Amino acid sequence: MIDIIALRRELHQYPELGFTEFRTATKVVQMLTTLGYRVTYGKDAIDDMSRRGLPKPEVLEDAYQRAIREGADPAIVEHMRGGYTAVVAELDGMREGPTTAFRFDMDALPIRESVLDKHMPQVGQFRSTHEGIMHACAHDGHTSIGLALAERLSDRQFAGKVRLLFQPAEEGVRGAYAMVEKGMLEQVDRLFCMHLGTDVPSGHVKGASAGFLATTKLEAHFTGVSSHAGASPEEGRNALLGAATAMLNIHALPRFSTADTRINVGILEGGTGANIIAENARMVIETRSTNEETNLELERRVRQILEHSAAMHELSVMIEIVGGAIPIRCDMELAELAVKEAEGISGIRHAEAISDGAALGSEDASYMIKRVQEQGGLATYMIVGSDLPAPHHHPEFDIDEAVLVPAVEWLERLARNFNDEEYVG
């Protein structure tokens, strides 16, 4: 039987960034195969050309080699080489019924984990072994819940099919879209997504969440001409100056009356020396809105600013989408079912159908949810509360491990809950 706390702590020790989850995904494949699931992974589980914000080849290769050194099965991980780290598993139940899917994200964040004595992973000696990378958003807990759920359902005492989606690169909202494009959400009747924490206390669960924002992550590369900044500045074309012009104008974009909006230039870098006109500059921008159409309009205006700023300084600019998400609309039928199934579970004291609607950032599970709903299925995004010593994406982030087992039981009940009279196959 899986020791879910030990599993979570092991995953916490070996965090991996988006599309480099080689060790994690290999372990997932091994455990699911042993449990009797049909397992799809590598290029069969994710669309190559739809992956967003893929790390550089040398970064992918370094992470791949590290995973092998840390015990990843070479025969399995070879199929993931190059950043194909999605895993999908399916199991047939004992009788006809719907296809019920659960999504679990696996990736970590580029944050140096705390070494303070009050930080439990430090005290318990399961702090990250990958310096500068840590599980600061509970994805280690999510993956552990998914594997423990898989073990419980391996008895096949349910109707229909269960499909488990282990997603890479949620951070930066990059991985889900490519799994949708590969067809991993086809013929799903019910989809349950979940997250630990998010300012909900331990013992509380939410059957649905509101407040997720549409977002587009853009990376712009400006190219100019280098020259001597003192001897011949007029011969140069300053890429960094063009990027700075764009940054100021992007942050000057007006608010919208149609929806709440956010905008940010998170990275601006370029140049090689004080006496050299910068030939190259790189900028990373995000737009967000409560409305998908408003976010698309924001994106259009940002692109226009980037292109016009480049033209103003006689530069070229290349713009790439490196991440994205859309708002989430949960089906209240599933949310209410989730509340019902939470009753009587030890460790869950309070369940309600929907969160208060406060902005929770963005989630690329939104693409999975939309695809299921487009096919006539139902989907929801649930919250399992956890007391947190520090906010998400913080060096001292950690979860209350006591919520893991109740979370597994909650999902197990949802997988097994099915009324034949309600299903039309």
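Keep in mind that this is a model prediction, so the values were computed, not measured.
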**Report entry** Separation between CD1 of Ile111 and NE2 of His393, rounded to the nearest 0.5 Å
**Finding:** 6.5 Å
Requested in this report: Kindly indicate, with the supporting measurements, whether the criterion side chain to side chain contact (heavy atoms under 4.5 Å, CB included) is fulfilled by Phe212 and Ser362.
Outcome: CA-CA 5 Å; Phe212 288 106; Ser362 302; 5.8 Å; no
Query - Worked verdict on Asp92 versus Arg38 for salt bridge (charged side-chain N to carboxylate O under 4.0 Å, His left out) - result: CA-CA 9 Å; Asp92 295 329; Arg38 297 186 299 275; 3.1 Å; yes
Query - Arg103 side chain near Met179 side chain, heavy-atom distance below 4.5 Å - result: no
Query - Residue pair Leu191 / Val372, side-chain heavy-atom distance below 4.5 Å - result: yes
Report task. Please determine, by modelled atom types, if Thr99 and Arg163 share a side-chain donor-acceptor pair under 3.5 angstrom. Result -> no
Requested in this report: Tell me yes or no: between the side chains of Gln167 and Asp364, is some donor less than 3.5 Å from an acceptor?
Outcome: yes
Query - Any Phe19 side-chain heavy atom under 4.5 Å of Pro168 side chain - result: yes
Report summary line: Rounding to 0.5 Å, atoms CG (Leu306) and CG (Leu315) come to a distance of 11.5 Å
**Report entry** Electrostatic pair Lys27:Asp73 at N-O distance under 4.0 angstrom
**Finding:** no
Query raised in the report: Does NZ or CZ of Arg51 fall inside the cone over Tyr84's six-membered ring, less than 6.0 Å from its centre and within 45° of the axis?
Result: yes
Query raised in the report: Does the pair Arg127/Asp117 count as a salt bridge with the N-to-O cut at 4.0 Å?
Result: no
Query raised in the report: Can you tell me if Ser202 and Asp400 form a side-chain donor-acceptor pair at under 3.5 Å?
Result: yes
Query - Side chain proximity check, Leu337 to Leu414, heavy atoms < 4.5 angstrom - result: yes
Query - Main-chain N/O of Ala338 paired with Trp410 side-chain donor or acceptor, under 3.5 Å - result: yes
Query raised in the report: Between Glu70 and Tyr14, does any side-chain donor sit less than 3.5 Å from a side-chain acceptor?
Result: no
Requested in this report: Kindly say whether Arg329 contributes a backbone atom to a donor-acceptor pair with the side chain of Gln373 at under 3.5 angstrom?
Outcome: yes
Query raised in the report: Could you state the interatomic distance from CD1 (Ile2) to CG (Leu404), rounded to the nearest 0.5 Å?
Result: 12.0 Å
Query raised in the report: Going by heavy atoms in the side chains, are Ile4 and Leu147 under 4.5 Å from each other?
Result: no
Query raised in the report: Do the rings of His139 and His135 sit parallel, tilted or perpendicular, given the 30° and 60° boundaries?
Result: tilted
Query - Audit row: Glu292, Glu297, side chain to side chain contact (heavy atoms under 4.5 Å, CB included) steps and yes/no - result: CA-CA 9 Å; Glu292 184 176 359; Glu297 174 60 17; over 6 Å; no
Query raised in the report: Which atom pair, heavy atoms only, marks the closest approach of Leu298 to Arg262?
Result: CD1-O, 3.9 Å
Query raised in the report: Short question: side chain of Glu170, backbone of Glu363 - any donor-acceptor pair under 3.5 Å?
Result: no
Report task. Evaluate the ring planes of His392 and Phe397, with Trp represented by its six-membered ring, and classify them as parallel (under 30°), tilted (30 to 60°) or perpendicular (over 60°). Result -> tilted
Requested in this report: Mind listing the closest non-hydrogen atom pair of Pro254 and Arg301 along with its distance?
Outcome: CG-NH1, 3.7 Å
Query - Thr380 side chain vs Met382 backbone, donor-acceptor pair below 3.5 Å - result: no
Query raised in the report: With respect to Arg152, which candidate in Glu409, Gln157, Glu412 satisfies the side chain to side chain donor-acceptor pair (under 3.5 Å) definition?
Result: Glu412
Requested in this report: Using modelled atom types only, decide if a donor and an acceptor are shared between the side chain of Ser289 and the backbone of Asp260 within a distance under 3.5 Å.
Outcome: yes
Query raised in the report: On the ring face of Phe158, is Arg416 found with NZ or CZ under 6.0 Å from the centre and within 45° of the axis?
Result: no
Requested in this report: Decide yes or no on side chain to side chain donor-acceptor pair (under 3.5 Å) for Asn295 and Thr216, but give the supporting numbers first.
Outcome: CA-CA 7 Å; Asn295 183 66; Thr216 305; 3.0 Å; yes
Query raised in the report: Roughly how far apart are Ile250 CD1 and Thr245 OG1, rounded to 0.5 Å?
Result: 10.5 Å
**Report entry** Backbone N/O of Ala25 and side chain of Thr85: donor-acceptor pair under 3.5 Å
**Finding:** no
Requested in this report: Examine the side chains of Glu78 and Tyr64 and answer whether a donor and an acceptor come within less than 3.5 Å of each other.
Outcome: yes
**Report entry** Heavy-atom closest contact (Gly242 atom, Ser309 atom, distance)
**Finding:** O-CB, 3.7 Å
**Report entry** Identified salt bridge (Lys or Arg N to Asp or Glu O under 4.0 Å) partner of Lys217 from the options Glu320, Glu286, Glu299
**Finding:** Glu286
Requested in this report: Of all the heavy-atom pairs spanning Ala108 and Pro15, show the shortest one and how long it is.
Outcome: CB-CB, 3.5 Å
Requested in this report: Report, as yes or no, whether the 6.0 Å neighbourhood of atom CD on Glu131 holds more than 12 heavy atoms from other residues, nucleotides or ligands.
Outcome: yes
Query raised in the report: Is there side-chain contact between Asp189 and Leu378, with heavy atoms separated by less than 4.5 Å?
Result: no
Query raised in the report: How far apart are the C-alpha atoms of Leu11 and Ser144, what are their side-chain angles, what is the distance that settles it, and do they pass the side chain to side chain contact (heavy atoms under 4.5 Å, CB included) test?
Result: CA-CA 8 Å; Leu11 294 176; Ser144 301; 3.5 Å; yes
Requested in this report: Give the minimum heavy-atom separation between Pro406 and Ser346, together with the two atoms involved.
Outcome: CG-O, 3.4 Å
Query raised in the report: Is there a donor-acceptor pair under 3.5 Å between the side chain of Thr20 and the backbone N or O of Leu17?
Result: yes
Report summary line: CG (Asp105) and CG (Leu165) are apart, to the nearest 0.5 Å, by 11.5 Å
Query raised in the report: For the residue pair Phe102 and Phe192, does the interplanar ring angle fall in the parallel (under 30°), tilted (30 to 60°) or perpendicular (over 60°) class?
Result: parallel
Query - Check: Glu21 side chain, Ala169 main-chain N or O, donor-acceptor pair, under 3.5 Å - result: yes
Report task. Could you go through the side chain to side chain donor-acceptor pair (under 3.5 Å) check for His130 and Gln13 one step at a time? Result -> CA-CA 8 Å; His130 299 161; Gln13 279 188 289; over 6 Å; no
Report task. Report yes or no: does Thr100 contribute a side-chain atom to a donor-acceptor pair with the main-chain N or O of Ala415 at less than 3.5 Å? Result -> no
Query - Thr261 side chain reached by Thr294 side chain, heavy atoms, under 4.5 Å - result: yes
**Report entry** Arg8/Asp398 under salt bridge (charged side-chain N to carboxylate O under 4.0 Å, His left out): CA gap, chis, key distance, verdict
**Finding:** CA-CA 11 Å; Arg8 180 258 163 169; Asp398 192 27; 2.7 Å; yes
Query raised in the report: Regarding His12 and Glu10, is there a side-chain donor-to-acceptor distance under 3.5 Å anywhere?
Result: no
Query - Aromatic centroids of Phe104 and His142 separated by under 6.0 Å - result: no
**Report entry** Non-hydrogen side-chain atoms of Leu218 and Val284 separated by less than 4.5 Å
**Finding:** no
Query raised in the report: Between Glu307 and Ile319, does a side chain to side chain contact (heavy atoms under 4.5 Å, CB included) hold up when you go through it step by step?
Result: CA-CA 9 Å; Glu307 291 165 358; Ile319 305 167; 4.1 Å; yes
Requested in this report: Can you see which heavy atom on Glu16 is nearest to which on Thr24, and at what distance?
Outcome: OE1-OG1, 2.7 Å
**Report entry** OG1 on Thr272 to CD on Glu279, rounded to 0.5 Å
**Finding:** 8.5 Å
